[in-house]
Amino acid sequence: VIGNKNYSSWSMRPWVVMKAFGIPFEEVVILLDQPGTTQKISEYSLAGRVPVLLADGIVVWDSLAICEFLAEQFPLQNLWPEDVAARAMARSICAEMHSGFSGLRTSMSMNIKANFAGKGRNAASQADIGRISEIWEDCLSRYGAHRYLFGDFSIADAYYAPVVMRFKTYDVSLAPALQAYVERVQAHPAVAQWMKEALAEPEELPKYDFPPAQ
């Protein structure tokens with residue numbers, strides 16, 4: 001159960017994981033910020049937020065919990081890196097994304113259809129961009145072998161895919177190696193499919209109103 005593909009960054013994460021690893025699922029889309037949205041989501045989860053995964057009577061909500069559940073259910077798929085140290089780092093950077101980067105979330109909301117080049121910049125969002133760049137550089141240099149963050153595509157790449165969407169929308173300038181990573185993520189079949197379907201969605205929501213620069 002997900003929100004609009006154009007806007008719902010949290011929904012994107014487990015959806016991309018399942019597509020990338022060939023895990024079959026049926027999709028239910030609930031349009032966000034519409035009359036009745038909260039009531040519709042509550043039919044699936046009392047938490048009142050998407051995404052939600054329903055699996056054989058089990059209800060899993062929250063994108064990180066869903067990804068961990070999938071990793072447990074499909075251990076041979078290696079959704080997390082196989083190496084213990086790499087797996088620990090992958091979990092750490094996903095947890096950091098899960099709980100942090102409020103400056104980026106507030107000022108540079110995900111909108112795949114839009115082109116907001118140069119907008120959303122303030123001290124908080126710039127600091128978050130710097131930290132994300134640092135994470136990517138560290139992972140790629142240690143484990144990535146110039147492909148994905150830990151070599152093969154993993155939950156970590158899916159978790160940062162919405163950031164890739166934001167960097168594209170807001171035309172964030174990156175070092176060449178990081179820009180190449182952004183392009184590889186966009187080209188991944190699961191991410192490319194999400195983007196294609198987001199672009200095909202009808203426009204239901206108002207344009208994003210940017211907060212003033214700080």
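Index from 1, following the sequence.
Here the straight-line distance linking atom OH of Y44 with atom CG of L54 works out to 7.5 Å at 0.5 Å rounding. Remark: S102 OG to L104 CG distance equals 9.5 Å, nearest 0.5 Å. Note that CG of D171 is 7.0 Å distant from CG of N115, once rounded to the nearest 0.5 Å.
Classification of E43 and K40 as a salt-bridged pair fails, no side-chain N sitting under 4.0 Å from a carboxylate O. Under 4.0 Å is where a charged nitrogen must lie from a carboxylate oxygen, and between R142 and D138 at least one such pair does. With respect to K113 and E201, no salt bridge is recorded, no charged nitrogen being found less than 4.0 Å from a carboxylate O.
Residue pairs that meet the salt bridge (charged side-chain N to carboxylate O under 4.0 Å, His left out) test with at least one member in residues 53-68, sequence neighbours left out, are E68-R91. Among pairs with a residue in residues 187-199, those fulfilling salt bridge (charged side-chain N to carboxylate O under 4.0 Å, His left out) read K5-E197, at least two apart in sequence or across chains.
In this structure, F116 and Y170 have tilted ring planes: the angle between them lies in the 30° to 60° band. F21 and F153 have tilted rings, their planes meeting at an angle from 30° to 60° on a 0 to 90° scale.
V28 and L46 are members of different hydrophobic clusters when ILVMFWY side chains are connected at heavy-atom separations under 4.5 Å.
Within the 6.0 Å centre-distance limit, the rings of W136 and F167 are counted as a close aromatic pair. Under the 6.0 Å cut-off for aromatic ring centres, W10 and H98 qualify, their centroids lying closer than that.
At least one donor-acceptor pair under 3.5 Å links the side chain of Y160 to the backbone N or O of I93. In this structure, the side chain of S45 does not engage the main chain of V52 through any donor-acceptor pair within 3.5 Å. The closest donor-acceptor contact from the side chain of R13 to the backbone of Y159 lies under 3.5 Å. Listed for the S42 side chain is a donor-acceptor partner under 3.5 Å among the backbone atoms of Q39.
The two atoms that bring C94 and L64 nearest to each other are CB-CD1, 4.2 Å, heavy atoms only. The two atoms that bring N6 and I112 nearest to each other are OD1-N, 2.8 Å, heavy atoms only. Smallest separation of non-hydrogen atoms from L140 and R147: CD2-O, 3.9 Å. Across all non-hydrogen atoms, the minimal contact from S125 to G103 is CB-O, 3.8 Å. For G3 against S11, the heavy-atom pair with the smallest separation is N-OG, 3.0 Å. Of all heavy-atom pairs spanning A86 and F150, the tightest one is O-CE2, 3.4 Å.
For the pair V29 and N4, the minimum side-chain heavy-atom distance is 4.5 Å or more.
Each of V185, V172, V191, I132 was compared with V164 under the side chain to side chain contact (heavy atoms under 4.5 Å, CB included) criterion, and only V185 meets it.
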With side chain to side chain contact (heavy atoms under 4.5 Å, CB included) as the criterion, how do R87 and W80 come out once you've worked through the C-alpha distance, each side chain's angles and the decisive distance to 0.1 Å?
CA-CA 6 Å; R87 189 163 64 250; W80 290 114; 3.7 Å; yes

Could you please spell out the steps behind the side chain to side chain contact (heavy atoms under 4.5 Å, CB included) verdict for I129 and M108?
CA-CA 11 Å; I129 291 168; M108 301 171 72; 4.1 Å; yes

Start with the C-alpha distance between T37 and I30, add both sets of side-chain angles, then the distance that settles side chain to side chain contact (heavy atoms under 4.5 Å, CB included), and finish with yes or no.
CA-CA 7 Å; T37 294; I30 297 176; 4.1 Å; yes

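Around the CZ atom of R49, the shell of radius 6.0 Å holds no more than 12 heavy atoms that belong to other residues, nucleotides or ligands. For CD of Q179, the number of neighbouring non-hydrogen atoms (other residues, nucleotides, ligands) closer than 6.0 Å is greater than 12.
A donor and an acceptor atom, one from each side chain of Y181 and D157, are located under 3.5 Å apart. One side chain, S107 or N122, offers a donor N or O that lies under 3.5 Å from an acceptor on the other.
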